Amino acid sequence: LICIEYENISYFSKILGPLPMNDAIRVLADRLKTLVPKQTIYRYDWNRFVLLLSHKPDQLESIVERINAFGEEPISILGTKIRLNPFICVLHSPESITYVDDVGDAIDYGFKEYKRQNKREPFFNLEEQAIIRKRRDQAILRILNRAINNDEFNVMYQPVKSSSDGSFASAEALARLSDQTLGDISPQEFIPIAETSGLVVRIGEIIIDHVCRFIKENIKIPSDKFNISINLSPVQCMQADFADRTLEIVNRYGIDPRYISFELTADTMERLSSYFLPSMTRLNDLGVRFTIDNYSVNMEDAPYLTSVPL
């Protein structure tokens, strides 16, 4: 599949109007018909064409060159000469594509990756593995939504022992997710998807709820030192109501806030300290602790550390 997106069609449509731009699109279609049989050319969306080819790989480059050359040839519309610049994405042997919707998903994903990588090359190759990767991401997104609605996250607790007396000093809460079809899904895989989709905020609240419930049910002897650490995403740190929502959960279970500790990476703290400082200060005043992971000994890190409650 050769997928072509003419990125500036929308721009010219606003200036010249949609009907004149339809004439320009017809000119493009006529040019593309000279490359392949008519029945293998499809218009997909307002500014996209799809060419279904069975050419040998060594012929592909010449076809792409001609498509790019078409973009350099001006089209006269209402007395104005315009050039329509193509993005070209090539999908090689998409055997995993079995439905029409799969084609659309693959095309959308291909152009998204092309633009994300910001490579102004003649065309972008989207391999079969990338399509499979996209499908898995979509499946995980559905699983995340289901897990949120049905409270299907598991929270494991990794103990941290004191080096002085061997007692349990603290624990780290670790979110786990599994599915009957995909099996265990690593946090390294589902957390980035949760962040980009915005679901990580709700998931974070669910984990905090699990931890507070665990403390309520299992911590019977008060301790000034013991706490359970919860990892925070940069997306959570950007929420203005983070302190309010956290305290709502803590108060619901009636636990001492000193049992809660939030862990951030040094990079997150450095980039978002100005956004997160009000929440940090309010929670810290009530006893919630904050720690930094992946901290560098570089002295350039020091200035922002003096202004945050760690």
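Values in this document were obtained by computation on a predicted structure and should not be read as measured data.
Rounded to the nearest 0.5 angstrom, Arg176 CZ and Ser186 OG are separated by 7.5 Å. From Trp46, atom CH2 reaches atom CD1 of Ile25 across 4.0 Å, with rounding to the nearest 0.5 Å. Atom-to-atom distance recorded for Leu84:CG and Glu72:CD is 11.0 Å, nearest 0.5 angstrom.
Between Val211 and Ile249 there is no side-chain heavy-atom pair separated by less than 4.5 Å. The closest side-chain heavy-atom distance from Ile75 to Asp23 is not below 4.5 Å. Side-chain contact between Glu172 and Glu263: present, with at least one pair of heavy atoms (C-beta onward) separated by less than 4.5 Å. For the pair Leu182/Phe190, no side-chain contact is recorded, criterion being any heavy-atom separation below 4.5 Å from C-beta on. Contact of the Ile4 side chain with the Leu32 side chain is registered, since non-hydrogen atoms from C-beta on lie closer than 4.5 Å. At least one side-chain heavy atom of Leu177 sits less than 4.5 Å from a side-chain heavy atom of Phe153. Annotation: side chain of Asp30 is in contact with side chain of Lys33 (closest heavy-atom distance under 4.5 Å). Cys212 is listed as a side-chain neighbour of Ile260, based on a closest heavy-atom distance under 4.5 Å.
Of the possible polar contacts, one joining the Asn68 side chain to the Val64 backbone as a donor-acceptor pair under 3.5 Å is found. At least one donor-acceptor pair under 3.5 Å links the side chain of Asn8 to the backbone N or O of Asn85. In this structure, the side chain of Ser13 does not engage the main chain of Ile9 through any donor-acceptor pair within 3.5 Å. The closest donor-acceptor contact from the side chain of Thr34 to the backbone of Arg31 lies under 3.5 Å. Between the side chain of Asn150 and the backbone N or O of Glu152 there is no donor-acceptor pair closer than 3.5 Å.
Between Phe290 and Phe262, the ring planes lie tilted relative to each other; the angle falls in the 30° to 60° range. By the 30° and 60° cut-offs, the orientation of the rings of Phe214 relative to Tyr157 is parallel.
Residues Val288 and Ile255 share a single hydrophobic cluster, defined by chaining ILVMFWY side chains whose heavy atoms lie under 4.5 Å apart. The hydrophobic clustering, which links ILVMFWY residues whose side-chain heavy atoms are closer than 4.5 Å, places Leu78 and Ile82 together.
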Pair Phe12-Ile77, side-chain contact (heavy atoms from CB on, under 4.5 Å): steps then yes or no: CA-CA 10 Å; Phe12 285 120; Ile77 301 295; over 6 Å; no
Using the side-chain contact (heavy atoms from CB on, under 4.5 Å) rule, take Leu141 and Leu199 through it: C-alpha gap first, then chi angles, then the decisive distance, then the call. CA-CA 9 Å; Leu141 182 60; Leu199 295 179; 3.7 Å; yes
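Look at Asp285 and Arg282 and you find no salt bridge, because none of the NZ, NE, NH1 or NH2 atoms lies under 4.0 Å from a carboxylate O. Using a cut-off of 4.0 Å between Lys/Arg side-chain N and Asp/Glu carboxylate O, Arg245 and Glu248 are scored as not salt-bridged.
No more than 12 heavy atoms of other residues, nucleotides or ligands lie within 6.0 Å of OH in Tyr11, so this atom counts as exposed by the packing criterion.
Side-chain polar atoms of Asp151 and His210 form a donor-acceptor pair below 3.5 angstrom.
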